[in-house]
Every structure is written in structure tokens, then in C-alpha cells.
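See below for the structure under consideration.
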Amino acid sequence: MLEIGKQDGSTDVIGHLAQEAVAAGLPENAEVLLTTDWASRCSTLMQDALGPAYGMTLHCLSAATGIRPVEDTTVLGYTLAFTLGALGKYASRYELPAFGLLHWLQAQEGEILQAVPAYSRVPSTQQLVKREPLAPATIPGAGGVAQAPVRAPEGLMSRKGGAAPAPFGRANQSKPHHMMRWQLAGLLVVALGLGYVIGHDPEPPITKAKAESPASTVALIQRTETDAAPRSNVTSVEPKAAAEPLPPGHYDPTADTYIYDTGQPTTLRLADGTTLKIGATSTESQLYKFLSDPSMQVDSVNRTKGWINCDRIYFEKGQAILTEGSGEQLRNIASILRAFPAARVKFGGYTDSTGNALTNFQLSESRAKAAMLALSSIGIDMKRLESKGYGGKFFLTTNATPEGRAMNRRVSLRVIKK
């Protein structure tokens, strides 16, 4: 919202939207999100504000909560709607003048930017300096005569039909302004809960078999591969694959990650004119070669053949949260799939063999699903995607060394239809 507020210095966009939200009954009246176009419009507003980071942000929320977008609405849209309603009530309570909300947010800009996850952060050259937020009394014009309602610019936020309900009355003046942070945090939780009720598919067809779906992704991302838990026998329905020659690279002990050498840098030009800067032996290069070469066909009998290791997709330790640098390869894969619209792919998730077998299986399942949802969030139809976790099975090399374990913790890709 800081970025939105800065885009037009002559119009108090945040103030207008906050007033509209309160007039619609937010944040108390959650039915507004079902009976009006607030949810879809807020989702669009979030997409415009985040730009290229929107898809990755949406994916991370989907992977962490199990909530998938419903039509043109997302959890981000619900969250923004609730937050605008809370800001509107705050502005009304302290009688903030035009641009008062923007000034209040700008006073906390350093702190806000520090709290934004790296994968959704808008690039900024501003030094992150934590400052105390302005008290309402210090905002120019605040605390005086209440400002007359200002109508939002045409088309910013409009109801599907009927007049907006009357604005809510002013809240208790005695509540300190710093409590706003806790109110917003609570509203984010409420928004996530509402998104779950509206957008959760009770039986999501993520994979072909219901038994392949993880229990709770929220719990899974908080469990590490070495967590102590009762062991459980987990078997795979697919035959074991023979280990293939490992690609060149090196082990980074600091990040506990295997860094692949993707070969000589090259430019790949797709049929739609898109150009990708990739390595000659990278995942993208191998995927494109398989899809474009008529002599290379999908082996429908031996499903252990045709797997391509994703050499630049990594996760936070013990979690199903993609690291910031993983977005580039996922976007490249999506571009290649757009150039081959008939192709379908499957993600496989793998761990090393240390720790609890069931926990590892669940984590691998969650990571494969996270990669799949990332492609879906940037425009690839879910009907073209599948995912499955294999736990500590199908290892590439020995698990006796840190380097070997880092290699075995991976996500791979297989074309299942050309």
C-alpha cells in the first residue's frame, strides 16, 4: 500500500480505498467479500502492486496454507480488503485528514520493509531505518474537525449493485494507536481463515490418488527432516530408479546445499519469441531438448526414466518454502511449458535418508506440491501439472556424506505427455 500511495501524489488513493472499505462494512462484515466485487478487485490491486513478485508470493501462501485461488480472488485479496477496512476505521477514529494514512504508513516505512518476505519485496534503494510511528496528534490536520467523506476515484472500488451501507460509527477513542499493529495481525489471521472457508477444496485433485496428498501443509513446513517421531513404513508404488551420473558442481557447507554447474551460458529463443538465459546443461536446456526433439518420447512403461533434476530450485531448511532464488528457474520452466501447450509434467520431491521416514515422505510431498503450485501461480493450468513425494527413496548418491545428502534433497521434473 505504500507503493500504491506513492504512485499518484495528487490523489489520496489509500484514504479513498479505506473510506470505501469502511462504507462497505469492512472489516466486520465478511459477507461483503461474497456479495460484492471487493475480493476480486483487491486481488487485482495486489497483483498490480507486487508485479513480478505476485506469483511467488501467492505460491508461498498456497504452499503454507493449502489454500488455492478461487477464480479471480485470492487470500491476498481478502487480506487487503480486511486491512483497508481496519485502516479506514483507524482514520475515522483519529479524524485523519487527506493523505493522513499515507503519512502514518510512511513514518513506519523502514520497519514495514524489514518485515516483508524477500520473495515479495518490492525493490527499493531506501535505507531500512526503524522509526517510531507518528502519533495521530502529530499528523498534520489530525484530531480536528472530521473531514468530509471523499468519494473514491471512479472505478477504483465499486460494488456489484446497490448503494454502499452507511459508514460505521466512530470507535472507542481511548484505544491507543499502537494497538493498530495487533489489530492488523489479527485481521490477517481472520483473512486467512476466510480464504480457507471460501477457497479450500476439501478434496483437491493435486495428485491422482487421494493417498498421495499430505495431511497438513501448515504443520509440515514446520517439521524438519530430523524431527523425532514414531517411524512408519512408507512404500512407493513406483520401481526404484538406477542412479545416474551426477552433474558437476560443488557443495556449499554454509548453506548445506549442492550448487550445480549448469554449463556454458546460452540464450534459448522459444517459438513465441521469448528468450531465456540459461546454462547449456541446465534443467531448462534438458526440458526444452526433450520437448522439441521428436525422437525423444515419454516412456509410459518405466516411470523411473526421463526425470530431470531441478538444479536451481531450493527450499528453506526443513520446510516447503521456496528460497528467493528459485523463482527464476520456475519462471523459465513456465515459459517453456507455454511454448509446448500440449505438454504435461510431474514434480517429484525427495529427501535424504536421515531422520524419520514418514516425516521425510511428508516433507518431500509438500515440496513437490510447492513447486507445482508455483507454476500454477504464474499461469500454468493445474490440469497440466502433477506432484508426488518419494521421501528418502530413489537417492542419487550415498547419504553417508553431507555432500551426498545435499544432492539427494531435491525436486525433479518428468514430462508425462508431450
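All values below were derived from every heavy atom in this structure, side-chain atoms included, with hydrogens, water molecules and symmetry-related copies excluded. Keep in mind the model is a prediction, meaning the values are calculated, not measured. For the single chain, residues carry numbers from 1 onward in sequence order.
At distances below 3.5 Å, at least one donor-acceptor pair connects side-chain atoms of Tyr314 with backbone N or O atoms of Tyr258. Without hydrogens or angle criteria, Ser412 side chain to Gly348 main chain gives no donor-acceptor distance under 3.5 Å. Side chain of Lys418 to backbone of Phe290: a donor-acceptor contact under 3.5 angstrom is found. Put simply, the side chain of Ser366 never gets that close to the backbone of Gln362: no donor and acceptor are under 3.5 Å apart. Judged purely by atom type and a 3.5 angstrom limit, Thr281 uses its side chain to pair as donor or acceptor with the backbone of Thr262. With hydrogens and angles disregarded, no donor-acceptor distance shorter than 3.5 Å links the side chain of Arg344 to the backbone of Val415. In this structure, the side chain of Ser92 does not engage the main chain of Gly88 through any donor-acceptor pair within 3.5 Å. Counting only distance, with no hydrogens or angles, the side chain of Arg338 and the backbone of Asp272 share no donor-acceptor pair below 3.5 Å. Under the 3.5 Å distance criterion, the side-chain polar atoms of Asn360 are matched with a main-chain donor or acceptor of Thr354.
Ion pairing between Lys289 and Asp293 fails under the 4.0 Å rule for side-chain N and carboxylate O. We find that Lys89 and Glu28 are joined by a salt bridge, their nearest charged nitrogen and carboxylate oxygen being less than 4.0 Å apart. Here Arg312 pairs with Glu284 in a salt bridge; the nearest charged N to carboxylate O distance falls below 4.0 Å.
Counting heavy atoms from C-beta outward, Phe347 and Leu373 have side chains that stay 4.5 Å or more apart. Looking only at side-chain heavy atoms (C-beta outward), Glu20 and Trp38 come within less than 4.5 Å of each other. Under the 4.5 Å side-chain criterion, counting only non-hydrogen atoms from C-beta, Val345 is not in contact with Ile333. At a threshold of 4.5 Å between non-hydrogen side-chain atoms, the residues Leu268 and Ser285 do not count as touching. Residues Asp256 and Tyr251 form a side-chain contact, since some pair of their non-hydrogen atoms from C-beta on lies under 4.5 Å apart. Side-chain atoms of Leu375 and Ile378, non-hydrogen and from C-beta on, do get closer than 4.5 Å to each other. Considering only heavy atoms from C-beta on, Leu45 comes within 4.5 Å of Leu17 through its side chain. Between Ile336 and Leu276, the closest side-chain pair of non-hydrogen atoms falls below 4.5 Å.
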Give the C-alpha distance, both sets of side-chain angles, the deciding distance and a yes or no for side chain to side chain contact (heavy atoms under 4.5 Å, CB included) between Asn309 and Thr283.
-> CA-CA 7 Å; Asn309 284 338; Thr283 301; 5.6 Å; no

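Considering CZ of Arg409 and OG1 of Thr351, their distance stands at 9.0 Å, rounded to 0.5 Å. Once rounded to the nearest 0.5 Å, the distance linking CD of Gln319 with NZ of Lys317 reads 10.5 Å. Within the model, atoms CG of Leu80 and OG1 of Thr44 stand 10.5 Å from one another, a figure rounded to the nearest 0.5 Å. Rounding to the nearest 0.5 Å places NZ of Lys388 at 13.0 Å from CE of Met372. Residue Ser300 holds its OG atom at 12.0 Å from CD1 of Ile416, rounded to the nearest 0.5 Å. Within the model, atoms CE of Met296 and CG of Leu291 stand 9.5 Å from one another, a figure rounded to the nearest 0.5 Å.
For the pair Ala320 and Ala370, the tightest heavy-atom approach, listed with the atom from each and the gap, is O-CB, 3.6 Å. Contact record, Ala21 with Ala81: CB-O, 4.4 Å, taken as the closest heavy-atom pair. Of all the heavy atoms in Asn408 and Leu396, the pair that sits closest is OD1-N, 2.7 Å. Of all non-hydrogen atoms in Tyr288 and Arg269, the two that sit nearest each other are OH-O, 4.3 Å. Closest non-hydrogen pair, Arg410 versus Phe394, comes out as NH2-O, 2.6 Å. Residues Leu84 and Cys42 share a closest heavy-atom pair of CD1-SG, 4.4 Å.
Between Trp104 and Tyr94, the ring centre distance reaches or exceeds 6.0 Å. Residues Tyr78 and Phe82 keep their aromatic ring centres 6.0 Å or farther apart.
Side chains of Asp311 and Gln329: a donor on one and an acceptor on the other come within 3.5 Å. Side-chain N/O atoms of Ser326 and Thr323 include a donor and acceptor closer than 3.5 Å.
Taking Ala339 as the reference, Leu270 meet the side chain to side chain contact (heavy atoms under 4.5 Å, CB included) condition, with sequence neighbours excluded.
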